[in-house]
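For reference, the structure discussed in these notes is given below.
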Amino acid sequence: MKLSFIIPTYNAIETIEQTLDSIYATSLAEQDFEVIVVDDCSKDDTCTMVEQYAKRHSNLWLLRQPQNHRQGAARNRGVEGAQGEYGTFADADDIILDGVVAALQIAEHGKVDLVYCSCYHEKTPTEVVLKEIDLQGNTIMSGIDFCEKYQHEGVFWYPWGILYRREWLVSLHYPFIEDRQHEDRDWLAYVMSHAGTVANSKQPVYRYV
């Protein structure tokens with residue numbers, strides 16, 4: 001298994017199908033990836049929709065949280081259950097782009113701990129900006145050097161749009177803080193700074209809606 005997509009959800013019935021469709025529309029072969037949806041006690045029909053979707057895709061798993069502990073807890077459980085060599089996070093209202101294929105190739109080729117990828121930010125349906133950094137495609141940096149150089153360019157904003165080597169990530173023993181909003185920036189700063197190797201992928205992998 002090459003890649004695990006981890007998607008925390010809560011009352012996402014209106015958007016998650018579009019997110020799932022975008023993953024399965026990439027050119028990744030289904031035997032090379034898995035999708036783990038972790039539901040944080042949705043009160044709508046999110047789980048029913050995901051279960052129906054899973055009937056068409058044997059690599060899609062639905063995990064249900066017994067209690068609501070926000071997206072940090074859902075991501076933690078997804079990481080625990082993942083089987084891919086690399087993992088990446090997605091929110092249940094965003095879009096995965098085919099650039100994830102190039103990012104995975106970079107990750108596998110260099111066996112790096114982390115691949116930071118270009119992403120689109122959709123401020124409005126007609127105002128979309130490309131978020132990228134100036135790191136050359138073949139350059140590999142240490143996590144400390146990466147953080148020092150790019151800390152003022154918003155690289156600690158969100159955990160999605162990044163590929164993480166799962167074995168290394170688990171070895172950090174640094175889970176997301178649970179029961180808290182904006183739990184991801186502190187987590188990402190710690191994870192990035194502890195990466196032995198960081199690479200960059202210029203092809204956009206993600207569209208933040």
Side-chain angles (χ1 to χ4, degrees), residues 1-8 33 36 38 69-91 94 96-97 99-121 129-208:
M1 182 74 66
K2 295 182 178 181
L3 182 61
S4 301
F5 292 93
I6 299 168
I7 308 175
F33 72 94
I36 302 174
V38 186
H69 289 293
R70 304 188 72 95
Q71 64 270 25
R75 291 193 185 109
N76 289 338
R77 188 172 180 194
V79 171
E80 291 171 0
Q83 298 297 315
E85 181 180 3
Y86 284 86
T88 189
F89 300 106
D91 286 348
D94 293 338
I96 299 294
L97 305 174
V100 71
V101 177
L104 182 59
Q105 290 171 346
I106 291 171
E108 292 183 308
H109 177 74
K111 297 300 178 184
V112 296
D113 292 332
L114 187 150
V115 181
Y116 186 86
C117 306
S118 300
C119 299
Y120 289 112
H121 283 214
V129 298
L130 178 62
K131 182 173 178 282
E132 60 180 351
I133 58 176
D134 63 359
L135 183 62
Q136 296 302 310
N138 294 328
T139 303
I140 295 179
M141 304 176 68
S142 71
I144 289 292
D145 289 343
F146 181 87
C147 291
E148 288 181 348
K149 183 171 183 177
Y150 297 107
Q151 61 180 310
H152 299 300
E153 297 192 31
V155 295
F156 304 142
W157 283 359
Y158 304 107
W160 40 253
I162 299 170
L163 270 61
Y164 310 85
R165 188 168 63 84
R166 184 178 59 84
E167 184 177 0
W168 159 76
L169 185 63
V170 172
S171 75
L172 294 179
H173 301 292
Y174 194 78
F176 287 94
I177 296 174
E178 302 184 0
D179 295 302
R180 195 181 87 176
Q181 192 174 10
H182 304 304
E183 82 300 331
D184 42 12
R185 298 185 186 185
D186 292 346
W187 179 89
L188 190 52
Y190 181 92
V191 167
M192 280 188 173
S193 64
H194 283 74
T197 48
V198 177
N200 178 233
S201 180
K202 294 296 184 185
Q203 294 189 35
V205 306
Y206 200 91
R207 184 180 177 110
Y208 171 72

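When reading the values below, keep in mind they use all heavy atoms of this one structure, side chains included, and skip hydrogens, waters and symmetry mates.
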Member of Phe89, Tyr208, Tyr116 meeting the ring-ring contact (aromatic ring centres under 6.0 Å, His included) criterion with Trp160: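 One option only clears the test, and that one is Tyr208.
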Within residues 149-159 or reaching into it, pairs that qualify as side chain to side chain donor-acceptor pair (under 3.5 Å) - sequence neighbours excluded: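 Residue pairs passing side chain to side chain donor-acceptor pair (under 3.5 Å), neighbours aside: Asp134-Tyr150.
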Looking at every heavy atom in both [X] and [Y], which two are closest together, and how far apart are they?
X: Gly72; Y: Glu178; result: C-CG, 4.4 Å
X: Ala82; Y: Ile6; result: CB-CD1, 4.4 Å
X: Glu132; Y: Ser118; result: CB-OG, 3.3 Å
X: Leu135; Y: Ala199; result: CD2-C, 4.4 Å
X: Asp91; Y: Tyr206; result: N-OH, 2.9 Å
X: Pro8; Y: Ala74; result: CB-CB, 3.6 Å

Distance from [X] atom [atom1] to [Y] atom [atom2], nearest 0.5 Å?
X: Asn76; Y: Gln71; atom1: CG; atom2: CD; result: 10.5 Å
X: Gln105; Y: Lys2; atom1: CD; atom2: NZ; result: 8.0 Å
X: Leu169; Y: His194; atom1: CG; atom2: NE2; result: 12.5 Å
X: Lys111; Y: Ile140; atom1: NZ; atom2: CD1; result: 12.0 Å
X: Glu108; Y: Arg165; atom1: CD; atom2: CZ; result: 12.5 Å
X: Glu85; Y: Arg166; atom1: CD; atom2: CZ; result: 9.0 Å

Given 3.5 Å as the limit, does a donor-acceptor pair link the side chain of [X] with the main chain of [Y], or not?
X: Ser193; Y: Gly143; result: no
X: Tyr86; Y: Ala107; result: yes
X: Trp187; Y: Tyr174; result: yes
X: Ser4; Y: Gly87; result: no
X: Asp113; Y: Gly196; result: yes

Salt bridge (charged side-chain N to carboxylate O under 4.0 Å, His left out) partners of residues 189-207, not counting sequence neighbours, each pair once: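 Qualifying pairs, neighbours excluded: Glu122-Arg207.
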Side chain to side chain contact (heavy atoms under 4.5 Å, CB included) assessment of Thr139 paired with Asn200: CA-CA 8 Å; Thr139 303; Asn200 178 233; over 6 Å; no
[X] vs [Y] side-chain heavy atoms within contact, under 4.5 Å:
X: Tyr120; Y: Val129; value: no
X: Thr88; Y: Ile96; value: no
X: Val191; Y: Trp168; value: yes
X: Met192; Y: Leu114; value: yes

Steps toward side chain to side chain contact (heavy atoms under 4.5 Å, CB included) verdict (Val115, Val205): CA-CA 11 Å; Val115 181; Val205 306; over 6 Å; no
Aromatic ring pairing Phe5/Phe33, orientation class (parallel under 30°, perpendicular over 60°, tilted between):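 Ring orientation of Phe5 relative to Phe33: perpendicular.
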